[in-house]
Peer 1: 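Handing you a structure now.
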Amino acid sequence: MDFVKEALSFGFANAAVVDVKELSFVPEYRQFCEENLCGCYDKIPACPPACGTPEEMRDKAQAYEKALVLQTVLEHPENSPAVFKKAKYDQNVLTAKLAEHIFPSREDNYLIMSAGPYKTHSCMSAYGVDAQKMAESAGMVCWAGDSDVRFFSLVLYHE
C-alpha cells in the first residue's frame with residue numbers, strides 16, 4: 001500500500017515517509033507542555049508528566065523504523081483559538097482514521113504522535129520532536145512567514 005497516496009486521498013495536504021532516525025528530539029521542548037497552553041498538562045495520561053520523561057518518549061518513538069509525516073494547512077485563517085483547536089482536533093481524527101485504515105487490527109504496530117493530545121495519543125511536543133527539522137526532512141514547509149497555519153501529525157511504524 002502506498003501510504004502517501006492513501007494519506008492524500010484521506011484529505012491531508014501533504015504526506016511523506018521518513019526514517020525515524022531523521023527525526024530530531026529536543027528534550028527542552030517539553031517546556032511547551034509545561035506552559036500548559038493546551039490545558040492538558042498533568043490532567044490526562046497522554047500528556048506530561050504521566051506520559052513519561054522526554055527521554056522515555058524519545059526511546060519509545062525510536063523503537064520504530066519509519067514515520068508517515070502528515071500535514072494539513074489552514075490558508076489565511078482568522079486568528080481564533082477556537083479555529084486552531086478545531087483544526088488540531090480534525091488533524092488528529094483524520095490521523096487516527098488513516099492509521100486504522102493502513103494498519104487494521106495491528107494497533108501494536110504503530111504509534112501516533114498527534115497535533116495535540118488526542119485520546120491515548122501524545123502530541124509531538126510531549127515527544128520533543130523538532131517540527132521544523134521534521135518538515136525539512138519530509139520536504140514540507142513548516143514556517144513560511146505567511147498567514148497560513150500548518151499542522152503536523154505522525155504515524156510511526158515498523159517496516
Side-chain angles (χ1 to χ4, degrees), residues 3-4 6-8 10-74 77 81 83-100 102-103 107 109-144 148-158:
F3 294 167
V4 171
E6 290 297 312
L8 297 175
F10 264 66
F12 288 97
N14 293 300
V17 173
V18 300
D19 290 331
V20 169
K21 64 184 175 188
E22 292 181 44
L23 299 178
S24 177
F25 294 88
V26 182
E28 294 79 16
Y29 284 3
R30 181 58 68 92
Q31 75 184 19
F32 300 122
C33 294
E34 293 168 358
E35 291 172 9
N36 200 24
L37 299 177
C38 70
C40 296
Y41 183 80
D42 204 17
K43 291 187 179 160
I44 63 173
C47 290
C51 66
T53 67
E55 295 76 20
E56 290 169 336
M57 299 295 279
R58 179 201 62 225
D59 292 347
K60 183 177 176 182
Q62 288 179 333
Y64 295 85
E65 294 89 25
K66 295 289 185 182
L68 176 60
V69 181
L70 304 164
Q71 182 186 55
T72 56
V73 180
L74 283 180
V83 168
F84 298 139
K85 185 175 182 176
K86 181 173 180 342
K88 279 185 184 182
Y89 176 80
D90 292 346
Q91 170 94 14
N92 293 337
V93 169
L94 200 58
T95 301
K97 285 181 181 177
L98 177 64
E100 291 164 6
I102 292 173
F103 302 106
E107 192 169 321
N109 271 348
Y110 67 88
L111 170 76
I112 292 176
M113 286 187 200
S114 51
Y118 177 69
K119 295 187 177 183
T120 61
H121 309 297
S122 301
C123 70
M124 290 173 45
S125 293
Y127 283 93
V129 172
D130 184 318
Q132 179 65 41
K133 288 182 180 177
M134 175 207 61
E136 289 170 3
S137 67
M140 296 180 196
V141 173
C142 185
W143 306 105
D148 294 349
V149 178
R150 295 160 183 85
F151 296 97
F152 290 94
S153 54
L154 298 159
V155 179
L156 281 60
Y157 60 95
H158 301 289

Peer 1: Heavy-atom distance under 4.5 Å between the side chains of D42 and C47, does that happen here?
Peer 2: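 Of all side-chain heavy-atom pairs linking C47 with D42, none is under 4.5 Å.
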Peer 1: How long is the gap from CG on L111 to CG on L154, to the nearest 0.5 Å?
Peer 2: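 Separation between the atoms: 9.0 Å.
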Peer 1: What are the two closest heavy atoms between C51 and A46, and how far apart are they?
Peer 2: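 Scanning both residues, the minimum pair turns out to be CB-O, 3.5 Å.
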Peer 1: Using side-chain heavy atoms (C-beta onward) and a distance below 4.5 Å, is F12 in contact with Q91?
Peer 2: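 Yes, their side chains come closer than 4.5 Å.
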Peer 1: Do E55 and P27 come close enough that some side-chain heavy atom pair is under 4.5 Å?
Peer 2: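 Contact flag for E55/P27 side chains = yes.
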Peer 1: Under the side chain to side chain contact (heavy atoms under 4.5 Å, CB included) rule, what do Y118 and V93 come out as? Steps first, then yes or no, please.
Peer 2: CA-CA 8 Å; Y118 177 69; V93 169; 3.5 Å; yes
Peer 1: Grab the two heavy atoms, one from P48 and one from R30, that are nearest each other, plus how far apart they are.
Peer 2: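 For P48 versus R30, the nearest heavy atoms are CB-NH1, 3.2 Å.
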Peer 1: Is the centre of the F103 ring less than 6.0 Å from the centre of the F3 ring?
Peer 2: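 So the answer is yes for these two rings.
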Peer 1: Determine the minimum heavy-atom distance between F152 and Q71, stating which atoms define it.
Peer 2: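 Scanning both residues completely, I find the closest heavy atoms to be CZ-NE2, 3.1 Å.
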Peer 1: List the atom of A67, the atom of L23, and the distance in Å for their closest heavy-atom pair.
Peer 2: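 Heavy-atom minimum between the residues: CB-CD1, 4.4 Å.
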Peer 1: CZ/F151 to CG/N92 distance, rounded to the nearest 0.5 angstrom?
Peer 2: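 If I round to the nearest 0.5 Å, the distance is 10.0 Å.
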Peer 1: Going through the checks in order, is the side chain to side chain contact (heavy atoms under 4.5 Å, CB included) test met by E65 and D19?
Peer 2: CA-CA 6 Å; E65 294 89 25; D19 290 331; over 6 Å; no
Peer 1: Scan the side chains in residues 129-142 for donor-acceptor partners under 3.5 Å anywhere in the protein, sequence neighbours excluded, and list what turns up.
Peer 2:
unit_1, atom_1, unit_2, atom_2, d
D130, OD1, Q132, N, 3.1
D130, OD1, K133, N, 3.0
D130, OD2, Y29, OH, 3.2
Q132, NE2, E136, OE2, 2.9
S137, OG, K133, O, 3.4
S137, OG, M134, O, 2.9

Peer 1: What distance do E28 atom CD and E34 atom CD have between them, rounded to the nearest 0.5 Å?
Peer 2: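 Separation between the atoms: 11.0 Å.
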Peer 1: Which heavy atom of A87 sits nearest to which heavy atom of L74, and what is that distance?
Peer 2: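 Scanning both residues completely, I find the closest heavy atoms to be CB-CD1, 3.5 Å.
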Peer 1: What distance separates N14 CG from T72 OG1, expressed to the nearest 0.5 Å?
Peer 2: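 Result: 9.5 Å between the selected atoms.
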Peer 1: Side chain to side chain contact (heavy atoms under 4.5 Å, CB included) between R58 and Y127: does it pass, once the steps are laid out?
Peer 2: CA-CA 6 Å; R58 179 201 62 225; Y127 283 93; over 6 Å; no
Peer 1: Quick check: do L37 and F32 have side-chain heavy atoms less than 4.5 Å from each other?
Peer 2: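 A side-chain contact is absent here, since even the closest heavy-atom pair is not under 4.5 Å.
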Peer 1: Where do L68 and I102 land on the side chain to side chain contact (heavy atoms under 4.5 Å, CB included) test, with the steps shown first?
Peer 2: CA-CA 11 Å; L68 176 60; I102 292 173; 4.0 Å; yes
Peer 1: Does any non-hydrogen side-chain atom of L98 lie less than 4.5 Å from one of L70?
Peer 2: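 Yes. Closest side-chain heavy atoms under 4.5 Å.
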Peer 1: At what distance, to the nearest 0.5 angstrom, does NZ of K60 lie from CG of L156?
Peer 2: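 CG of L156 is found 10.5 Å from NZ of K60.
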Peer 1: Looking only at non-hydrogen atoms, find the nearest pair between Y110 and A99 and report the distance.
Peer 2: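 That closest heavy-atom pairing would be CE1-CB, 3.5 Å.
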Peer 1: To the nearest 0.5 angstrom, please state how far the OG atom of S125 sits from the CE atom of M113.
Peer 2: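 One finds 11.0 Å between OG of S125 and CE of M113.
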Peer 1: Do the non-hydrogen side-chain atoms of F25 and P54 ever get within less than 4.5 Å of each other?
Peer 2: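 No. Closest side-chain heavy atoms not under 4.5 Å.
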